[in-house]
Amino acid sequence: RATDATVAIKVIRPSSLIEADAMRRFVEEARIVASVSHPAIVRMIDVGISGDGLLYQAQEIVHGHTLEQRM
């Protein structure tokens, strides 16, 4: 999807070290998170595999303190 939104991108590069099941779980996790709406959960915007084979998740940007800063 092409938008002007600023997002955080989480990427997994496919390799022989990443088994097919791990890649499937990565995509399934994103689809499940995308179906949930809650203030404590980062909104999942998109998930997929790029043309060059990178698995990605596009998530909303959350501004604020890190967990380390809060502790």
**Q** Checking side-chain contact (heavy atoms from CB on, under 4.5 Å) against Val47, which of Val27, Leu55, Val33 comes through?
**A** Val27
**Q** Side-chain heavy atoms nearer than 4.5 Å, only ILVMFWY residues, links allowed to pass through others: does that put Ile41 and Met44 together?
**A** yes
**Q** Ignoring hydrogens, what is the shortest heavy-atom contact between Gln59 and Gln57? Give both atom names and the distance.
**A** NE2-OE1, 3.1 Å
**Q** At what distance, to the nearest 0.5 angstrom, does CE of Met71 lie from CG of Leu67?
**A** 5.5 Å
**Q** Would you say Val11 ends up clustered with Val7 if hydrophobic residues are merged whenever their side chains have heavy atoms under 4.5 Å apart, either directly or through other cluster members?
**A** yes
**Q** Start with the C-alpha distance between Tyr56 and Asp46, add both sets of side-chain angles, then the distance that settles side-chain contact (heavy atoms from CB on, under 4.5 Å), and finish with yes or no.
**A** CA-CA 8 Å; Tyr56 68 88; Asp46 195 16; 3.2 Å; yes
**Q** I'd like to know if Val42 and Ile61 are part of one continuous hydrophobic network [Ile/Leu/Val/Met/Phe/Trp/Tyr, side-chain heavy atoms within less than 4.5 Å].
**A** no
